[in-house]
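These notes concern the structure reproduced below.
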Amino acid sequence: MTTVVAESVTQLSAFSDPASVAVVGASADPAKWGYWLASGALIGEHRRRVHLVNRRTDTLLEHPCHPNLSALPEVPDLVALCVPAPFVSDVVDEALALGVRGFLGVTAGVPGEAELAARIRSAGARLVGTNSLGIYDSATDLSLAWGRFTPGPLAIISQSGQLGSELATLGARHGVGVSRFVSIGNQSDVTAAELLADLGNHDPTRVIALYLESFSDGESLFRTLRALRDTGRPTLLLTVGASAASTRLARSHTGSLTSAVDVVDAACRAAGVLRVSTPDELITVARAFLSTTVPVGNRVAIVGDSGGQCAIAADVTSASALTVPDFSPALAESIALQLPPGAASSNPVDLAGAGEQDLGSYASVVEHLLRADESDAVVLTGYFGCYARDAPTLAEREAAVAERIGRASAETGKPVVVHTMAPESRTAEALWRHGVPVFDTIDSAIRALSGLSRLRPQKQSNPTLSEPVPKDGLRAGYWAARELLTDLGVAFPDGAVVRTHEEAVDVAGRLRAPFVLKASWLEHKSEAGGVVVGIDGPEQLARTFQDMHSRLGDGDYVLEEQDTRAGTVEILVGARRDPDLGPVIVVGAGGTETEVLQDIGLESAPVGPDDALAMLERLRCMPLLRGWRGRPAVCVDGLVDVITRVSRLIAERPDIAEIELNPVRVAPDGALTVDALVVAAEPTPAP
């Protein structure tokens, strides 16, 4: 063989625009992988050199075929491996000896896969797969995958090849083609995060579909996704298998209350990623994003030509975290002037036959609402789109109205989403053409609009505290947690450590009754009888201490003043470090019924005051903090301060696995923490 040094390529460019490709295991049988990779590679023969390798034939698909890689006239940039699993290792070793730098592994069940990937990396080469469905790039005519793709703006990175193929098929069915497709398979070497980062300068890509079942090195992954969002390329995430192992092993209420998906959702919000539930939802939102603008808020104006359809649209919209606000009297009156007498004009707007009198009324009302400052998007539901189908003489007129609606949406920067009973009509085509997404059900229309709304970049507030986070080593027990959090600026009742009933009585003389006695070393004191409240004086304290000591033995006990302030609300403030996705902060209804109430909010840490307040606003118990049935409002600002401080602590102290303040008792004059737990992270094992 005449050795030709492969062209210099970046680490991942071999998987997007190689100068040469070799398909090992090429075949003429359409039922075999070797056929699809070979025939796909030949599609790009005008752009790159393609070599087919099969030791049983000299010609394949009207193209010369070579018995092995050593017989090729050059060292290919990329080798596609579609030989049986037992032979993969030998082919890789031959390729590495020649100087190959890129491998695509479609074969599943390769023996010693981890060691194989390590050999590839140590040689300075890279591997996509194994167990990959293949790769595709519309910009470079690279097609090394089972099936064929329609070019378009959607990049698909998928841990499941079959699901990635489904996304591509659904997209093509709805006019959304693929810019790049990578089935990452087992991620033996090249990771999803690397492939996503490589999309940052991929001009054909406008939106990204990502399917993952695990989130190894999730912090890096979501930093990459945030950077992509900043380039204007949002990611729509499908996931079903986020591990719950860290939740099962949690030692605090905080850990047991937060599921793996909760943490993924928090990471998504922080990175501007939208998690969707099904492939259909992903394509629905992608179609809308590619057609129109993202609304600046959640207020939706609904317009229809049927009272029933308007009412259903309002219900579906309200159930999707969007709002259907009442219009001001002035706006409602101005809308009513355009409609027949008695028509509803205060959101939803029922045209009540106005469309039959003048098709232009659809556009007039929508234009009016778009230009008013009382909604961020308009949903048009019902019969519009059917005139062209049912009365062809009206087709041109209805198309002109569609164009007016699209023009008004573009001029105001507010999206219009249409639900029509004729989604295949000429009018529907005209709406799509003018930037107005059209769907055949109200559910799909609202799902698209809700997805667009959640793609809106979120303004994140940063912690403003100037005090440094304490860096001292961690010690076990409540008192140690209390000292750490006190140094952070979190307030606790006055108290002290005591070890005998005599010490307890002596300390009580310096505190204000009633008292609380706690076994400091117990993580869950109530369950073990390690906390007693309402101790009135020295004699009761001595008896209580002796009883607790007889049951629990020697140790550090904590005597504290009991918080007896009126009008308090008990809140949980916790934090944990997810092994894959990093630190999160949790707030919720606190006290001994925390698990029963299941009223929590979670975000990636750290958070600033605005984000902390937004977390509280989402809790069902928030009305208690604002004041309920004559009770005074409590000091929400003081609680927000605790949340931001704890979020900084978990974010800046990787040696901490969990933090829990439960309860934080919040009264009108401030927040006081009366129990706390800090759990050290397990040491990272040495390599």
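No hydrogens, no waters, no symmetry mates; every other heavy atom, side chains included, goes into these values. Only a predicted model underlies this, so the values are computations on that prediction, with no experimental measurement involved.
Contact check for R299 versus K414: no side-chain heavy atoms found under the 4.5 Å cut-off. Under the 4.5 Å side-chain criterion, counting only non-hydrogen atoms from C-beta, L661 is not in contact with L572. Using a 4.5 Å cut-off on side-chain heavy atoms (C-beta onward), V300 and S375 make no contact. In this structure the side chain of L455 reaches within 4.5 angstrom of the side chain of V285, judged on heavy atoms. Side-chain contact between D440 and T420: absent, with no pair of heavy atoms (C-beta onward) separated by less than 4.5 Å. Annotation: side chain of I208 is not in contact with side chain of L236 (no heavy-atom distance under 4.5 Å). Between E219 and D578, every side-chain heavy-atom pair lies at or beyond the 4.5 Å cut-off. When side chains are defined from C-beta on, V401 does not count as touching Y387, because their heavy atoms never get closer than 4.5 Å.
If you check the side chains of S361 and Q338, you find no donor sitting under 3.5 Å from an acceptor. In summary, the side chains of Y362 and Y383 do not present any donor paired with an acceptor at a separation below 3.5 Å, with no hydrogens or angles considered. For the residue pair D326 / S346, no side-chain donor-acceptor distance below 3.5 Å is found, with atom types taken as modelled. There is a side-chain donor-acceptor pair under 3.5 Å between S453 and R456.
The closest donor-acceptor contact from the side chain of E398 to the backbone of T427 lies at 3.5 Å or more, if one exists at all. In this structure, T224 contributes its side chain and L196 its backbone to no donor-acceptor pair below 3.5 Å.
Salt-bridge check for R665 with E570: passed, with a basic side-chain N closer than 4.0 Å to an acidic carboxylate O.
Interatomic distance, T284 OG1 to H174 NE2, rounded to the nearest 0.5 Å: 6.5 Å.
The side-chain contact (heavy atoms from CB on, under 4.5 Å) with V378 is formed by just one residue from the set V417, L370, V365; it is L370.
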